[in-house]
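First comes the structure, then the notes that go with it.
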Amino acid sequence: MAEDGKSTVRAVERALDILLCFTAKKEWAMTEIADNVGLHKSTVHRMLSTLEERGFVVRDPASERYRLGLRIWELSANMSGADDPAVIGLPEMERLRDMLGETISLYLRDGNERIRIQAVQSVQAIRRVAPIGVRLPLYVGASSKVLIAFEEPTKREELLLDPSWPSNFDRQLYREQLEDWCRLGYATSVEEREQGAAAVAAPVFSRTGKLVAALSVSGPANRFTQEIMRSQAPAVMEASRRLGVMLK
């Protein structure tokens, strides 16, 4: 009985690993999924067939590639409620985008990563596109800086000791810069994670004073200069404050 239980749990883990592939890109071939999750093609085929029957994935008959099914959207719809920052923050993010003209993103920290839970794209011809659901490391980027700098001291130190950070990363310099970001109330980055991109971010605190998220504005580095980011930082901080007032 115990062995059967372990097999069932392992099957669930494998199915979830397959579904998580779709956080990286929208469509996958079966062989690509098998390579990505490290499972035999026959195993992946069986699991995809079950997921397809239940509506969690859809297979394109022409290309034989898989994408997420409507069942996923049914589940996600139940996440969107009165306490969801992605829903609550959208009007404020749209207002900020219309004011500044650049792409607006909202990030939450999930463990030792940040995830973009909402984005409002710039309408400019040359812009930075920010897909929702992307996971990013915490050691680079304006939003990462904010999500570390404004954490409570114990948690902040724990994040700074993350062994997955590059071995040549200057943690001491980073610690010194954290104080500057806290003093300013925002952080900036230029081509730290993505070539040609720049961003300014501010923390979002709930009404109870808890750090909830990071709100950022990003654009092409040749247009979104340090001078412009500094001039727009007050608007980002005000938008963050307005958003936070709506969160418990």
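Each residue takes its place number in the sequence, starting with 1. Bear in mind the structure is a predicted one, so any value in this text is a computation, not a measurement.
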Minimum heavy-atom distance L39-V44, with the two atoms named: CB-CG2, 3.8 Å

hydrophobic_cluster_shared for I148 and V212, side chain cutoff 4.5 Å: no

Sidechain N-carboxylate O distance under 4.0 Å for D98, R95: no

Minimum side-chain heavy-atom gap Y107-L136 below 4.5 Å: yes

Among T103, L215, V217, the one residue meeting side-chain contact (heavy atoms from CB on, under 4.5 Å) with M93: L215

same_hphob_cluster(V58, L68) at 4.5 Å side-chain heavy-atom cutoff: no

Residue pairs involving residues 135-159 (criterion salt bridge (Lys or Arg N to Asp or Glu O under 4.0 Å); sequence neighbours excluded): R109-E151, D110-R135, E113-R135, K145-E192, K155-E158, R156-E179, E157-R175

Q118 side chain near I104 side chain, heavy-atom distance below 4.5 Å: no

CZ on R46 to CG on L51, rounded to 0.5 Å: 12.5 Å

Candidate pair R14 and D17, rule salt bridge (charged side-chain N to carboxylate O under 4.0 Å, His left out), full reasoning: CA-CA 5 Å; R14 289 173 171 177; D17 286 341; over 6 Å; no

Other residues, nucleotides, ligands: >12 heavy atoms within 6.0 Å of E176 CD: yes

V200 vs F224, side-chain contact (heavy atoms from CB on, under 4.5 Å): CA-CA, chis, key distance, verdict: CA-CA 9 Å; V200 55; F224 207 42; 3.9 Å; yes

S122 (side chain) donor-acceptor with G101 (main chain) under 3.5 angstrom: yes

CD1 on I18 to CZ on F56, rounded to 0.5 Å: 13.0 Å

Heavy-atom closest pair, residues L108 and A213: CD2-CB, 3.6 Å

Check: P131 main-chain N/O paired with R116 side-chain donor or acceptor under 3.5 Å: yes

Nearest atoms (heavy-atom pairs only) where A142 meets A187: CB-O, 3.5 Å

Close side-chain approach of V140 to S189, heavy-atom, < 4.5 Å: no

No-hydrogen, no-angle side-chain donor-acceptor test under 3.5 Å, S206 and T208: yes

Heavy-atom pair with the smallest gap, counting every atom of I117 and I132: O-CG2, 3.6 Å

Path from L243 to L147 over hydrophobic side-chain contacts below 4.5 Å: no

Heavy-atom side-chain contact between N36 and W28 under 4.5 Å: yes

Donor-acceptor under 3.5 Å (R207 side chain, V245 main chain): yes

Shared hydrophobic cluster for V120 and M237 (ILVMFWY, side-chain gaps under 4.5 Å): yes

Same cluster (ILVMFWY, side-chain, under 4.5 Å), V236 and F205: no

Whether T188 side chain and A198 backbone form a donor-acceptor pair below 3.5 Å: no

Pairwise distance OH(Y66) to CD1(I33) - rounded to 0.5 angstrom: 7.5 Å

Minimum heavy-atom distance between K41 and M30, given as atom pair plus value: O-SD, 4.0 Å

Closest approach of P137 to R114 (non-hydrogen atoms, all atoms of both residues): O-NE, 3.6 Å

CE-CD distance between M99 and Q232, expressed to the nearest 0.5 angstrom: 9.5 Å

Parallel, tilted or perpendicular: ring planes of W181 versus Y174, cut at 30 and 60 degrees: perpendicular

Residue pair L178, L160: steps toward the side-chain contact (heavy atoms from CB on, under 4.5 Å) verdict: CA-CA 11 Å; L178 286 175; L160 288 170; 3.8 Å; yes

Distance, nearest 0.5 Å, that separates CZ of R54 from OG of S49: 13.0 Å

Gap between atom CZ of F150 and atom CG of L211 - 0.5 Å precision: 8.5 Å

